Amino acid sequence: MNNNQIFIFKIVVIGDEGVGKTSLIKKYTQGSFEKDYIKTIGAQFTRYEKEINGDTIKLIFWDIAGQSDFNFLNPLFYKESRACIIVYSLEKNDLGNESFKHIENWHNELNKYCRNIPVILFANKVDLVEENELDTTKIQKILKKQNFLGYYITSAKTGQDVIAAFNTIINELYYKFKALSSV
Ligand code: G3D
Ligand code: MG
């Protein structure tokens, strides 16, 4: 099999303002990234490259710059996304509660523009709560209902599970497109 292939994946990172989207991308890309901002769409994108089995994976993470809710995102934001990360915050306050409630809204919005792309859920800011007191049945329920690929409990602050979480969705894409490219 040819192992010098290049794959380019656009991944959109969505969720309420303040849940940690930008911090998570920053943590994952560890400073070795290229960042840019598209004013007309209100989005920023971060380029990052990694290697899997000798293949080059060029990643472009899109996230919303500043305030934007699920009703006001430009369709161009979602265009040709290969995967989606929905982030909410575990904080026990309005931001945390609202961001969990809005997961479905974000997912519905995504589905208007991207059909059948893998979606993974990040429950972020775990450093602010007692992890052993977390009610994961609530997460399991939404996972099943929305048919998400899976979920990770993360902290952009401590770095907990951030790399594993991103790698799961990236590996999913890589093995899918690698298989397609070799038929
Ligand atoms: P957004 O891009 O989703 O809007 P940001 O969110 O990445 O800008 O994060 C919003 C605030 O939450 C930031 O604080 C950031 O430092 C903080 N934050 C993000 N992730 C975590 C986390 O996992 N744990 C903790 N404790 N804080 C987090 P400021 O104060 O800079 O606004
Ligand atoms: Mg941000």
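Counting convention: from 1, in listed order, for ligands and their atoms alike. As the structure is a prediction and not an experimental result, all values here were calculated from the model.
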Cationic tip of Lys178 above Phe7 ring, under 6.0 Å, 45° of axis:
no
Would atom 14 (O) of ligand 1 count as contacted, meaning some protein heavy atom under 4.0 Å?
no
My question is simple, although I want it checked carefully: is atom 30 (O) of ligand 1 less than 4.0 angstrom from any protein heavy atom?
no
Give the residue and atom name of whichever protein heavy atom lies nearest to [atom], and the separation in Å to one decimal.
| atom | result |
| --- | --- |
| atom 6 (O) of ligand 1 | Gly20 N, 3.1 Å |
| atom 23 (O) of ligand 1 | Ala156 N, 2.8 Å |
| atom 27 (N) of ligand 1 | Lys125 CD, 4.0 Å |
| atom 20 (N) of ligand 1 | Asn124 ND2, 3.2 Å |

If we only count N/O pairs under 3.5 Å, is Thr154 in contact with ligand 1?
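No - when backbone and side-chain N and O of Thr154 are compared with those of ligand 1, no distance drops under 3.5 Å.
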Got an N/O contact under 3.5 Å between Asp127 and ligand 1?
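Looking only at distances, the answer is yes, because the N/O contact criterion of under 3.5 Å is met.
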Can you see whether [X] engages [Y] through a side-chain donor-acceptor pair at a distance of less than 3.5 angstrom?
| X | Y | value |
| --- | --- | --- |
| Ser99 | Asp16 | no |
| Thr22 | Gln44 | yes |
| Thr154 | Asn124 | yes |
| Ser181 | Gln5 | yes |

Parallel, tilted or perpendicular: which fits the ring planes of Phe100 and Tyr88, with parallel below 30° and perpendicular above 60°?
perpendicular
Using heavy atoms and a threshold below 4.0 Å, how should the contact between Leu128 and ligand 1 be classified: side chain, backbone, both, or neither?
side chain
Report the part of Thr22 in contact with ligand 1, treating N, CA, C, O as backbone and CB onward as side chain, heavy atoms under 4.0 Å; options are side chain, backbone, both, neither.
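Both parts.
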From Gly18, Ser23, Ala65, Ser155 - option closest to atom 5 (P) of ligand 1 by heavy atom
Ser23
Are the charged groups of Glu91 and Lys125 less than 4.0 angstrom apart, N to O?
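Yes, Glu91 and Lys125 are salt-bridged.
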Which count of protein N, O or S atoms is obtained for distances strictly below 2.8 Å from the Mg ion (ligand 2)?
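Near the Mg ion (ligand 2), the number of protein N, O or S atoms below 2.8 Å is 1.
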Side chain proximity check, Leu24 to Val13, heavy atoms < 4.5 angstrom:
no
Within the structure provided, determine whether Phe77 and Val12 are in side-chain contact (heavy-atom separation under 4.5 Å).
yes
Quick one: are the ring centres of Phe122 and Phe166 less than 6.0 Å apart?
yes
Determine whether the aromatic ring centres of residues Tyr28 and Tyr48 are separated by less than 6.0 angstrom.
yes
